[in-house]
**Student:** 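Dropping a structure here in structure tokens format, bear with me for questions.
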Amino acid sequence: MGVAIVGALVLFALLGPLLSSHDPYESDFVRGISADKLPVGPNATFWLGTDRLFRDELVRLAVGARLSLFIGIAATLIATATGGVVGIIAGWFEGRMLDAALMRIVDIGLAFPFLLLVMALAAALDHTTPTTILLTLGLTGWLGTARIVRAKTMQLRNLDFVTASRALGQSTPMIMLRHVLPNVAGPLVVVATVSVAQMILAESVLSFLGGGIAPPTPTWGHMLFEGQDYFTTSPWISLAPGLAIMASVLGFNMLGEGLRDALDPQKQ
Amino acid sequence: MRSIRRSSELVRSALAALALAGVGCSNELPAPLPSAATDASQPRRGGMLTTASFGDIRTLDPANVADGLVPQILESMFAGLIDYDVEGKIVPDLAERWTVSEDGTQFRFVLREGVRFHDGEELTADDVKRSVERALHPTSPNPYASYLASISGFARFVGGKAEHLDGVTVDGRYVVTFRLDAPDAAFLPLLAMPPLRPVCRSGGTRYVETWHPCGAGPFKLLPGGWDHGRQITVVRHDGYFRPGLPYLDAVRTLFHVNLTSQRFKFTTGDQDILRDFLSPDLLKFQADPRWKPYGEYELDKQVAGLAMNTEMAPFDNIELRRAIASALDREHLVLIRAANMRPANLPVPPAVEGYDATLKGQTFDLTAALEHMKRAGYAYDPVARTGGYPTPIPYTTYSQGIDEYMVQVTMQQLARIGIRLDVRVVDYAAFLALRGRRKQVAFGPAFWTQDYPEAGSFLEPLFHSRSINDEESNNSAFYANPRVDELVDRARHELDAARRKKIYGEAQEIICDEAPWAFTHYYRFYAQWHPYVRDYKPHPMATTDPTRVWIDRVAGRTAARAVFSGDVYAKLFGDGSPRGAPLSRSAGPR
């Protein structure tokens with residue numbers, strides 16, 4: 001089911017803008033506004049209605065999907081790569097100065113609530129773009145991954161095949177690359193999949209609270225924010241991005257769970 | 001298997017949340033709460049009027065009107081020599097009458113006798129002079145002070161070279177005279193505003209932040225009546241000089257109440273007047289025939305637009321400014337908040353003296369805008385979409401305000417003449433600081449609300465070169481034109497209203513043509529009240545004047561919600577009513 005939801009989201013992001021001939025940035029002051037000067041609801045012209053600036057909600061949702069998926073996946077790649085490297089190094093050198101230093105950095109980072117940390121960094125940025133947002137999320141989202149990978153590396157480093165490699169004279173970086181990394185890849189993939197959902201959610205929260213990408217770029221979080229004043233009269237403005245966020249978080253979480261079950265040797 | 005079960009639980013939870021959201025998504029407005037006796041014409045005494053705001057106040061002193069919400073509370077607590085009535089006409093208040101010398105430089109006020117301050121002391125001419133000197137003294141943070149520079153001796157007094165203000169003299173126990181260096185058309189309008197209103201002797205001769213506010217208005221503040229950041233409750237001043245007034249026992253203003261909460265408080269009767277609306281809610285109230293008779297627009301007192309910093313590129317190019325002013329389709333822009341905004345073509349709003357409907361001002365003309373772009377050196381071909389300004393122009397705005405939406409439509413409109421914007425969003429405090437700082441913000445939103453109801457209140461702070469400062473510059477376009485300066489100064493000294501309007505008209509035409517601002521809209525508030533709130537009419541200057549308002553409310557479930565805690569009730573009325581007792585007087589007649 002997770003695969004189906006994520007697949008549908010990807011398809012929507014890729015093909016969604018083709019479903020509508022409207023410009024995601026252009027207000028339609030003729031057909032997009034009702035007689036009582038409110039956004040129009042879903043109809044044949046605007047399948048998901050219009051937003052508070054009388055723009056096509058569907059095409060903005062699709063453009064927002066591209067952005068949300070791009071930021072979620074790219075930030076996760078950064079976080080996973082950083083967390084993986086730090087985790088393997090710390091786990092390999094367990095108990096030494098390097099491990100202690102890296103883990104204290106992780107401890108300090110984890111002491112701050114993730115969203116608070118992200119918001120503080122975003123607020124400090126002079127100008128927020130998709131790149132700055134994904135870097136902010138990626139560079140603050142690796143801490144948990146590092147902890148998990150470290151624990152797994154600590155288990156692996158004492159196993160026979162690793163000891164044998166050392167006895168055969170393989171260098172430490174080579175052992176890490178050839179023997180440790182493939183063995184932590186399973187949990188890493190599961191963590192990364194769930195992390196995509198967290199990143200999408202974090203980006204949405206950031207945009208909702210005004211710390212995200214500057215308008216008029218559509219992001220799901222900002223679309224949700226824009227719709228809150230209109231919830232009693234034009235609920236589709238909030239419901240569409242709200243459902244999209246929910247579906248994407250649900251999809252990636254379910255995908256992560258499925259992968260975890262699939263990669264769990266005890267279940268096989 | 002476990003995964004599937006958990007997934008279906010998640011889906012079920014999500015659907016339940018959606019169903020809840022749907023339930024909460026009611027589109028219907030509840031009916032207004034009726035008055036107890038629909039045909040009652042005789043005002044009844046008693047009850048408490050509750051209003052609310054998303055904002056707050058920091059001070060409560062006529063000498064420091066620091067926040068937009070303050071004047072309406074000051075209006076209920078401090079009476080002035082003169083005041084505005086609900087029609088916007090200047091009328092006597094503490095002064096029984098006044099005379100003006102032929103040359104327009106002397107104003108002689110005869111005070112009512114027997115007026116009592118909240119502390120019981122009698123108000124005399126000495127109190128008027130003391131209060132004026134207290135408000136204009138350099139130690140007082142009075143934002144209005146510079147407007148009153150025409151009073152004789154002002155410069156020496158604020159410069160610390162004189163102990164007293166020569167231009168204000170006491171000519172008897174109940175007579176006070178103001179002398180001006182030159183005729184000043186703004187003097188009476190300014191005197192009718194809160195800053196120079198008499199304060200009790202406890203206010204002393206100098207402004208002190210810790211002073212407990214005390215005046216001669218219809219309501220007074222008792223100790224404990226102001227719960228900072230939450231609410232303020234003022235109670236009836238029984239010694240008020242107008243016999244029988246006010247009718248209300250108390251007026252309560254709640255602070256930091258968000259717009260959605262206000263809407264629900266209002267419809268359930270926990271708030272009597274609603275002014276801060278979510279945009280779609282206001283449209284619904286206005287369209288509902290049950291509510292329509294109990295709502296009214298306040299006067300347009302605010303102009304808004306896009307300020308272009310004339311000291312910074314590319315807006316040192318006058319043709320580019322003209323292009324932007326011509327490219328804005330204001331009829332579309334105001335649809336963003338249709339119930340509150342009206343298209344603006346001039347710097348002075350329609351309700352302000354000096355507005356001239358015959359002036360053309362700035363209008364939407366795409367052909368003219370493209371021609372101005374060509375003259376600016378940035379010709380744009382709208383068909384081929386080539387040319388235009390080569391790089392995105394930085395636009396600085398503040399987060400989560402109306403401009404965040406305005407700018408998105410502005411971008412669409414400016415794209416038609418080949419101008420792209422690079423929007424930078426900062427928080428509101430940072431925006432205000434940046435906007436007023438020299439060479440910091442090239443392009444951004446600008447807005448101004450009148451300090452007094454006269455064209456000079458807009459033209460002088462916004463477009464006079466005297467208003468340019470390196471920091472906190474009100475003239476955020478940093479616009480300087482000697483001819484405009486001269487016209488604005490001349491109009492202020494012109495006492496003939498028709499001639500003054502003509503002078504202001506010429507200044508406005510120059511400003512519209514040179515376009516330091518591209519004017520976008522006038523903003524007007526709308527007030528909605530319940531039928532049981534009687535004789536309420538929005539005040540043209542102070543928003544709410546509760547002096548003649550009375551409550552005629554049906555006793556019942558909603559009426560009983562208006563309760564004081566026993567402690568606060570005891571503090572306010574001193575009768576030791578039991579804790580949680582309903583304010584029975586709010587439910588109807590005594």
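Just so it is clear: chains get the letters A, B, ... in the order the sequence lines come, proteins before strands, and each one is counted from 1. All of these numbers come straight from a predicted model, not from anything done at the bench.
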**Student:** Closest approach of B/V423 and A/A214, non-hydrogen atoms and distance?
**Tutor:** O-CB, 3.6 Å
**Student:** Pick out which of A/D36, A/L38, A/T233 makes a side-chain contact (heavy atoms from CB on, under 4.5 Å) with B/L283.
**Tutor:** A/L38
**Student:** With side chains defined as the heavy atoms from C-beta onward, is the minimum distance between A/P216 and B/V407 less than 4.5 Å?
**Tutor:** no
**Student:** Given B/H332 and A/S27, is the side chain to side chain contact (heavy atoms under 4.5 Å, CB included) satisfied, shown in steps?
**Tutor:** CA-CA 9 Å; B/H332 281 169; A/S27 304; over 6 Å; no
**Student:** Can you measure from NZ (B/K284) to OG1 (A/T232) and round to the nearest 0.5 angstrom?
**Tutor:** 3.5 Å
**Student:** For chain B, which residues of residues 58-66 of chain A have at least one non-hydrogen atom nearer than 4.5 Å to it?
**Tutor:** A/R60
**Student:** To the nearest 0.5 Å, what is the distance between CG (A/L209) and OG (B/S399)?
**Tutor:** 10.0 Å
**Student:** Are the side chains of A/D229 and B/L278 in touch, meaning some heavy atoms are under 4.5 Å apart?
**Tutor:** yes
**Student:** Between B/D281 and chain A, with a heavy-atom cut-off of 4.5 Å, which part of the residue counts as in contact: side chain, backbone, both or neither?
**Tutor:** side chain
**Student:** Mind ranking A/Q228, A/E26, A/H222 by heavy-atom pairs under 4.5 Å with chain B and telling me who comes out on top?
**Tutor:** A/E26
**Student:** Give a yes or no on this: more than 12 heavy atoms of other residues, nucleotides or ligands lie within 6.0 Å of atom CZ of B/R290.
**Tutor:** yes
**Student:** Rounded to the nearest 0.5 Å, what separates atom CG in B/L335 from atom CD1 in A/I33?
**Tutor:** 4.5 Å
**Student:** Between A/Y230 and B/I336, what is the shortest heavy-atom contact and its length?
**Tutor:** OH-O, 3.9 Å
**Student:** Are B/Q408 and A/E226 close enough that some pair of their side-chain heavy atoms sits under 4.5 Å apart?
**Tutor:** yes
**Student:** Distance from B/L282 atom CG to A/K37 atom NZ, nearest 0.5 Å?
**Tutor:** 11.0 Å
**Student:** Do the side chains of A/R52 and B/Y405 get nearer than 4.5 Å, heavy atoms only?
**Tutor:** yes
**Student:** Identify, with sequence neighbours excluded, every residue that meets salt bridge (charged side-chain N to carboxylate O under 4.0 Å, His left out) alongside B/R342.
**Tutor:** B/D300
**Student:** Please check if atom CZ in B/F54 has more than 12 non-hydrogen atoms from other residues, nucleotides or ligands closer than 6.0 Å.
**Tutor:** no
